[in-house]
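Worksheet for the structure shown next.
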Protein chains: 2
Amino acid sequence: MENITEMLKGVLEGCVLEIISRGETYGYEITQQLRELGFTDVVEGTVYTITIRLEKNNLVDIEKKPSTMGPPRKFYTLNEAGQKHLEVFWEKWEFVSSKINELKRK
Amino acid sequence: MENITEMLKGVLEGCVLEIISRGETYGYEITQQLRELGFTDVVEGTVYTITIRLEKNNLVDIEKKPSTMGPPRKFYTLNEAGQKHLEVFWEKWEFVSSKINELKRK
DNA sequence: ATGACTATTATGTAATACTATATAGTGGTA
DNA sequence: TACCACTATATAGTATTACATAATAGTCAT
């Protein structure tokens with residue numbers, strides 16, 4: 001699917017939060033998971049700007065670990081604020097997507 | 001629902017296109033319809049920037065008509081390019097929303 | 001004539017995904 | 001050795017878009 005950039009604004013961060021909530025993970029792996037999900041054009045740079053934002057907003061805990069496959073990885077886990085943020089994200093998503101689907105149907 | 005601004009980016013234009021596709025309408029009325037739909041915080045300025053964008057991209061036909069309720073209204077109808085654009089919008093929406101719901105479920 | 005409602009336009013700002021590039025570690029292979 | 005592919009993070013700059021705010025203007029009731 002081409003050119004879904006604008007439509008991803010405001011939801012990509014929530015997707016990243018959701019992926020992190022499934023268990024400790026790091027930027028590069030998150031990118032791959034988003035691609036597997038279908039957002040094939042998402043690049044590392046985009047995900048890193050999001051994870052750095054999550055750090056700044058204190059929504060994640062961080063642990064740096066060595067890797068045998070390359071440079072050290074920065075592993076993220078959701079903290080309590082991150083969990084709460086994720087819940088709010090899904091509430092917003094439910095609201096917005098239901099309204100848009102309502103518009104589409106009628 | 002509070003603070004859904006970022007989530008509306010990339011979908012609001014599609015919503016406006018859909019509303020116009022239902023029949024000739026103008027900015028102020030579009031704003032009211034979006035509010036009725038549930039996007040209560042959408043303001044006129046936002047809708048006008050969208051309609052002006054639609055004009056620039058030649059997705060709409062325009063007709064100015066006098067009103068007995070105030071200043072003249074600029075009525076919009078979708079042209080062929082606009083119809084096509086709307087179809088593409090819904091395809092993108094189906095794609096993105098299905099992927100996000102998939103992520104939510106699993 | 002004042003205010004409420006209708007109606008459009010314009011300027012500036014904030015948020016966010018993307019482009020492009022730099023840096024760096026590991027392993028394979030020519 | 002030198003090169004390449006893959007893994008991994010970071011960042012500067014850009015484009016897009018919704019919003020805040022304000023200006024302008026027409027109609028109508030009080």
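Side chains are part of it too, since the values below use all heavy atoms of this structure and drop only hydrogens, waters and symmetry mates. Below, read A as the first sequence line, B as the second, and so on, with proteins coming before strands; counting in each chain starts at 1. Note that the structure is predicted; figures quoted are calculated from it, not measured.
Summarising the geometry, the separation between OH on B:Y28 and P on C:dT9 is reported as 15 Å, rounded to the nearest angstrom. Put simply, CZ on B:R35 is 13 Å from P on C:dA7, counting in whole angstrom units. Residue B:N3 contributes atom CG, which lies 14 Å from atom C1' of D:dA20 at whole-angstrom precision. For B:K65 and C:dA7, the NZ to C1' distance is 16 Å, given to the nearest whole Å. The distance from atom CG of B:L54 to atom C1' of C:dT8 is 15 Å, rounded to the nearest whole Å. For B:E29 and C:dC5, the CD to P distance is 18 Å, given to the nearest whole Å. B:R73 places its CZ atom 12 Å from the C1' atom of C:dT8, with the value rounded to the nearest Å. C:dT6 atom C1' lies 12 Å from atom CZ of B:F75, rounded to whole Å.
Taking 4.0 Å as the cut-off between side-chain N and carboxylate O, A:K65 and A:E24 count as a salt-bridged pair. Contact check on A:E6 versus A:K9 returns a salt bridge, with a Lys/Arg side-chain nitrogen under 4.0 Å from an Asp/Glu carboxylate oxygen.
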Return a table of donor-acceptor pairs under 3.5 angstrom between the side chains of residues 55-64 of chain B and protein atoms on other chains or two or more places apart.
| residue | atom | partner | partner atom | Å |
| --- | --- | --- | --- | --- |
| B:E55 | OE2 | B:K74 | NZ | 2.8 |
| B:E55 | OE2 | B:Y76 | OH | 2.6 |
| B:N57 | ND2 | B:R53 | O | 3.3 |

Quiz item: What does nucleotides 12-20 of chain C look like as a protein-contact string, B for base, S for sugar-phosphate only, - for none, at under 4.0 angstrom between heavy atoms?
Solution: --BBBSBBB
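At least one side-chain nitrogen or oxygen of B:Y48 sits closer than 4.0 Å to the OP1 or OP2 atom of C:dT8. Checking the phosphate oxygens (OP1, OP2) of C:dA7, no side-chain nitrogen or oxygen of B:K64 falls inside 4.0 Å.
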Quiz item: Does the pair B:S98 and B:E94 meet the rule for a side chain to side chain donor-acceptor pair (under 3.5 Å), with working shown?
Solution: CA-CA 6 Å; B:S98 70; B:E94 275 307 306; over 6 Å; no
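Within the 4.0 angstrom heavy-atom criterion, only backbone atoms of the sugar-phosphate kind lie near B:S67; the bases stay farther away. Nucleic acid contact class of A:P72 (heavy atoms, under 4.0 Å, all strands): sugar-phosphate only. B:T68 comes within contact range of the sugar-phosphate backbone alone, with a heavy-atom separation under 4.0 Å but no base atom that close.
Considering only heavy atoms from C-beta on, B:F89 comes within 4.5 Å of A:M7 through its side chain. Residues B:R105 and B:N101 meet the side-chain proximity criterion, which asks for heavy atoms closer than 4.5 Å.
Using modelled atom types, no side-chain atom of A:K104 and backbone atom of B:W90 make a donor-acceptor pair closer than 3.5 Å.
The stretch residues 17-27 of chain B touches DNA chain C through B:Y26, B:G27, each having a heavy atom within less than 4.0 Å of the strand.
Once rounded to the nearest 0.5 Å, the distance linking CG of A:L103 with CD1 of B:I19 reads 5.5 Å.
Note: B:F75 and B:Y26 have perpendicular aromatic rings, judged against thresholds of 30 and 60 degrees for the angle between ring planes.
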